[in-house]
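The structure appears right after this line, and notes come after that.
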Amino acid sequence: MTITIAAWNVNSIKARLERTLEWVREARPDVLCLQELKCEEAAFPREAFEDEGYNVAVDGQKTYNGVAVLSKFPIEETLRGLPGGDGDDHARYLEAVIAAPSRPIRVVSVYMPNGNPAPGPKYDYKLSWMDRLITRTRELLDYEEVLAIAGDYNIIPTADDVHDPAAWADDALFRPESRAKYRALLNLGLTPAFEQSGGGAHQYTFWDYQAGAWQRNNGIRIDHILLSPEGADRLRGFTIHKDERAKEKPSDHVPVVAELDV
DNA sequence: ATGGTCGCGTAGCGA
């Protein structure tokens with residue numbers, strides 16, 4: 001069977017509810033990982049998605065962050081928050097096993113720290129958060145399952161993934177240490193669905209609200225779906241739903257969708 | 001042009 005796994009930073013689920021529901025009705029992803037909910041779990045519009053046929057798991061937070069996993073199939077939540085945080089209470093990591101009819105699929109909704117300004121404490125937090133993700137990913141890869149780690153990584157992987165590399169040289173999303181840490185994550189054995197399905201230059205997933213970034217196509221590619229070997233073997237396609245950015249009251253990110261033959 | 005836009009929450013921060 002074919003299933004689709006989507007990731008979307010909605011930049012407030014309350015501000016984006018109608019836009020999100022509309023897209024869900026059109027795209028009907030089997031699994032949807034959401035980021036930047038900007039609300040607590042109790043305030044998440046759970047019923048609206050249940051009415052569309054989805055099970056819902058939420059790790060919410062007031063004002064900032066917040067991640068969710070929605071699935072047409074039953075969800076078993078396996079981990080909420082990355083271990084090793086020493087009091088880190090940011091809602092940025094939600095891991096679950098989806099009981100798809102053919103086989104279980106492990107899915108993680110991730111919202112990586114932005115890290116700006118760099119250098120500084122926020123950048124240190126980003127890099128240490130990535131170290132914690134690397135540690136957890138090692139454990140997950142040992143399971144040898146179909147695994148998708150999907151979301152807003154706040155990482156521009158290469159100079160092909162930004163309109164103006166020079167302008168972003170000192171940004172936390174593009175600095176060498178950030179990109180090296182991202183490569184270290186991939187080198188554990190994860191495959192980006194984007195690259196596996198052909199990749200390409202200047203395929204953006206985010207355009208700033210400011211300075212006419214969308215109109216000028218001043219974008220960056222920072223939303224990624226990373227697959228275990230068992231997942232990468234089954235990848236059949238990857239799509240960036242760029243049209244969402246042109247609609248009324250859009251998120252600054254657009255959905256990305258991986259299609260797997262499981 | 002040394003800003004520019006959103007969302008939250010109702011000032012100023014985060015992105």
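Per chain, numbering begins at 1; letters A, B, ... match sequence-line order. Atom set for the values below is all heavy atoms of this structure, side chains included, hydrogens, waters and symmetry mates excluded.
Scanning both residues, P165(A) and A159(A), for their nearest heavy atoms gives CG-O, 3.6 Å.
dA1(B) and dG12(B) have their P atoms separated by 29 Å, with the value rounded to a whole Å. The gap from the C1' atom of dT2(B) to that of dA11(B) amounts to 23 Å, rounded to the nearest Å. Nucleotides dG3(B) and dG7(B) are separated by 23 Å at their P atoms, to the nearest Å. For the P atoms, the distance from dA15(B) to dG9(B) is 15 Å, rounded to whole Å.
Atom pair I155(A):CD1 and dA15(B):P shows a separation of 14 Å (rounding to whole Å applied). The distance between atom CD1 of I220(A) and atom P of dA15(B), rounded to the nearest whole Å, is 13 Å. When the P atom of dG14(B) is taken as reference, atom CG of N154(A) falls 14 Å away, rounded to whole Å. Separating the CH2 atom of W168(A) from the P atom of dA15(B) is a distance of 13 Å, rounded to the nearest angstrom. As rounded to whole Å, 10 Å separates atom C1' of dA15(B) from atom CG of L173(A).
Summarising the local packing, NZ of K62(A) is surrounded by 12 or fewer heavy atoms from other residues, nucleotides or ligands at distances under 6.0 Å. Heavy atoms of other residues, nucleotides or ligands lying less than 6.0 angstrom from CG of D124(A) number more than 12. For N217(A), the CG atom counts as densely surrounded, since its 6.0 Å shell holds more than 12 non-hydrogen atoms of other residues, nucleotides or ligands.
Taking the six-membered ring for Trp and thresholds of 30 and 60 degrees, Y182(A) and H224(A) have ring planes inclined between 30 and 60 degrees apart.
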Next item on the list: Give the B/S/- string for nucleotides 6-12 of chain B, one per nucleotide from 5' to 3', where a protein heavy atom under 4.0 Å of the base yields B, of only the sugar-phosphate yields S, and otherwise -.
Entry: SSSS---
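Nucleic acid contact for Y111(A): sugar-phosphate only, since backbone atoms but no base atoms lie under 4.0 Å from a heavy atom of the residue.
Annotation: proximity of residues 113-129 of chain A to DNA chain B (heavy atom, distance under 4.0 Å) is found for N114(A), K122(A), numbered in ascending order.
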For nucleotides 2-4 of chain B, tabulate all protein N/O to nucleotide N/O atom pairs closer than 3.5 Å, reporting atom names and distance.
| unit_1 | atom_1 | unit_2 | atom_2 | d |
| --- | --- | --- | --- | --- |
| dG4(B) | N7 | Q210(A) | OE1 | 3.3 |

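For the pairing with H253(A), the ring pair (Phe, Tyr, Trp, His ring centres under 6.0 Å) check across Y209(A), F206(A), W214(A) returns one residue only, F206(A).
Here the CZ atom belonging to F194(A) is positioned 4.0 Å from the CZ atom belonging to R221(A), to the nearest 0.5 angstrom. Atom-to-atom distance recorded for S128(A):OG and D86(A):CG is 10.0 Å, nearest 0.5 angstrom.
Between E36(A) and R216(A), the residue anchored nearer the 5' end of DNA chain B, judged by the nucleotide with its closest heavy atom, is R216(A).
Cation-pi contact between R136(A) and Y93(A): absent, since separation from the ring centre below 6.0 Å together with deviation from the ring axis within 45° is not met.
For the residue pair T158(A)/D161(A), the side-chain donor-acceptor check at 3.5 Å is satisfied. Side chains of K122(A) and N116(A): no donor on one and acceptor on the other come within 3.5 Å.
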